[in-house]
Amino acid sequence: MSEHRVRVRVEESVSLEARTQAIGRELLARAKQAHAHLSSLNRWTTQLLRWCLADPHVKSQVLRFLDCLPSLTTPRAVVRHLREYFPADGWRLPAALRLGVSLTRPGLLTAPAVSFMVHQLVEQVAQQFIAGARAEDAVSVMQRLASRGVRVSFDVLGEQVTSEAEADRYARQYVELISRLGAAGHVSVKPSALTAQFDPLSVRESAARALGRLRLIAQRAVEVGAAVTLDMEQVEYRELTLELAKQLLQEPGLGERVRLGVVVQAYVSDAEQAVTDLLDWLAQHRRRLAVRLVKGAYWDYEVAHALQMGWAVPVHRRKWQTDRTFERLTERLLASSSMVRPEIASHNLRSIAHAMAVAEELKLPKDTVEFQLLYGMGDAIQAAVASLGWPVRVYAPVGELIPGMAYLVRRILENTANESFLLQDFLETASADTLMAPPGPNGGSHG
Ligand SMILES: Cc1cc2nc3c(=O)[nH]c(=O)nc-3n(C[C@H](O)[C@H](O)[C@H](O)COP(=O)(O)OP(=O)(O)OC[C@H]3O[C@@H](n4cnc5c(N)ncnc54)[C@H](O)[C@@H]3O)c2cc1C
């Protein structure tokens, strides 16, 4: 690269960084203001998260217990597992539960009463992150958020189905939901719930099996003018998920009309190459896609699974690496907005401010980009982004709690990860310098 071009790049990045800092501080000030009147985490959730944080063993026991709770069909089984996972002398249970478990011993409190308490507590936490159980709830959530200028993408809870009948039910729920939501409808679909045999070892066949159900969902979405995004799950499903999207985009009569989106996870080590390949494919096939850029929700699983199998870990090991890749990919996607609709999905003020600064530098109209957040997380950040005039969408799961347990577990993991942005009580305590530090080995990796 010539010296002149290098100098221009450096000057550009200096002004981009300065603009990122300025926008970030403005966002932070607005988020602090909004924080004063918007609740973030409810009381039970805060207590559960603090409790999980106190000790990594407690955290893993809570997650294991939540994981098996859906399969505990009798109150006795709930109490037995509670005692087993949280022996009275070894674990500091929240006060109400400690009392409950100890009272079952001398028979003062019955197993159904304790089981009821456990379910109540879990439901309180779940309500923080899950918008409702039924399709009707989705409509009222959509209306409530629309009054604040916020759009929604709905996810019907459920993933990795175990039978084709279950996958049929999942697809039908989406078709019904889209019919209710109409043109403002936007849904996010988990590919592994579209067939019981979503197998990375047979990409074409698995994609073809899932395509039948995705086609039904997409057709209904086209009829009413709604949009569909394919969520991204574990790395082993990435190729398969992208293949599914490509097959749908090539469907005669549907491919050119469907408003489809895919997800890119910045924590995957070769995410930048994956985006290059995707952009090449879109250019070659003259198709347009929404691309939601996320950091990735399965970090603990990816690391543990690869280590257990003796494989190379497919994700970055340091948070700053993920944050830096997220910024690079933000720049790539925004610069490719003729081919993709960029959706920046993060609660991290630094990541959000950087994307706004890039959009400004590229002179993109604000409605070219959409900022996305998860339901129940970061309401103050949501309000701050919307107040600057940028489009905001919230990802809101609907459905029964039991199939949603895996989703709930991931939200809890995220909220208690050491370096999580949301954990940092940042609106009250962290300094703007710390929050806005550029990602790097010696800089910001906090979030
Ligand atoms: C609207 C929306 C839709 C989403 N859809 C998906 C989806 O389809 N698939 C999906 O996987 N996720 C999805 N996510 C979740 C997302 O991937 C993140 O888990 C979540 O948003 C937290 O990241 P953050 O930028 O908000 O916060 P931050 O606190 O800035 O980042 C946390 C993230 O950093 C990464 N990280 C943490 N520790 C390390 C480490 N030691 N090394 C490397 N990286 C690390 C992880 O990805 C972690 O989630 C979605 C998020 C949103 C807002």
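Note that ligands are numbered from 1 as they come in the structure, with each ligand's atoms numbered from 1 the same way. Numbering starts at 1 and runs along the sequence shown. Only this structure's heavy atoms are used, side chains among them; waters, hydrogens and symmetry mates stay out.
The shortest N or O to N or O distance between Leu374 and ligand 1 is not under 3.5 Å. For the pair Arg318 and ligand 1, the shortest N or O to N or O distance falls below 3.5 Å. Note: no N/O pair closer than 3.5 Å links Glu233 and ligand 1 by distance alone. Between Ala345 and ligand 1, no N or O atom pair is found at a separation short of 3.5 Å.
Each of the following atoms of ligand 1 lies closer than 4.0 Å to a heavy atom of Tyr395: 1 (C), 3 (C). Here is the list of ligand 1 atoms found below 4.0 Å of a heavy atom in Trp299: 39 (C), 40 (C), 41 (N), 42 (N), 43 (C), 44 (N), 45 (C). Applying the 4.0 Å criterion to heavy atoms of Asp231 picks out, from ligand 1, the atoms 8 (O). In summary, the atoms of ligand 1 found under 4.0 Å from a heavy atom of Ser346, numbered by their order in the structure, are 24 (P), 25 (O), 26 (O). Proximity to Gln265 (heavy-atom distance under 4.0 Å) selects the following atoms of ligand 1: 9 (N), 10 (C), 11 (O).
Only the side chain of Arg292 comes within 4.0 Å of ligand 1, judged by heavy-atom distances. Counting heavy atoms under 4.0 Å from ligand 1, residue Arg393 does not touch it at all. Under 4.0 angstrom from ligand 1, the non-hydrogen atoms of Tyr298 all belong to its side chain.
With respect to the salt-bridge test (charged N to carboxylate O, under 4.0 angstrom), the residues Arg220 and Glu223 qualify. Here Arg350 pairs with Glu327 in a salt bridge; the nearest charged N to carboxylate O distance falls below 4.0 Å.
Geometrically, Arg393 does not engage Tyr395 in a cation-pi contact, judged by NZ or CZ lying under 6.0 Å from the ring centre and within 45° of the ring axis.
Under the ring-ring contact (aromatic ring centres under 6.0 Å, His included) criterion, Tyr237 pairs with Phe198, not counting sequence neighbours.
By the 4.0 Å heavy-atom criterion, His316 is counted among the residues contacting ligand 1.
Judged by distance alone, with hydrogens and angles left aside, the side-chain atoms of His305 form no donor-acceptor pair with the main-chain N or O of Tyr301 at under 3.5 Å. Between the side chain of Gln265 and the main chain of Lys295, no donor-acceptor pair closer than 3.5 Å is present. Between the Ser337 side chain and the Leu333 main chain, no donor and acceptor come within less than 3.5 Å of each other.
Using a 3.5 Å distance cut-off with no hydrogens or angles, the side chains of Gln382 and Arg148 do pair a donor with an acceptor.
Using cut-offs of 30° and 60° on the angle between ring planes, the pair Tyr174 and Tyr170 is perpendicular.
Atom CD of Glu239 has 12 or fewer heavy atoms from other residues, nucleotides or ligands within 6.0 Å.
With distances taken over non-hydrogen atoms, the option nearest atom 1 (C) of ligand 1 out of Gln372, Arg350, Lys319, Gln234 is Gln372. Distances from atom 35 (C) of ligand 1 to the heavy atoms of Thr322, Val263, Thr229, Leu349 put Thr322 nearest.
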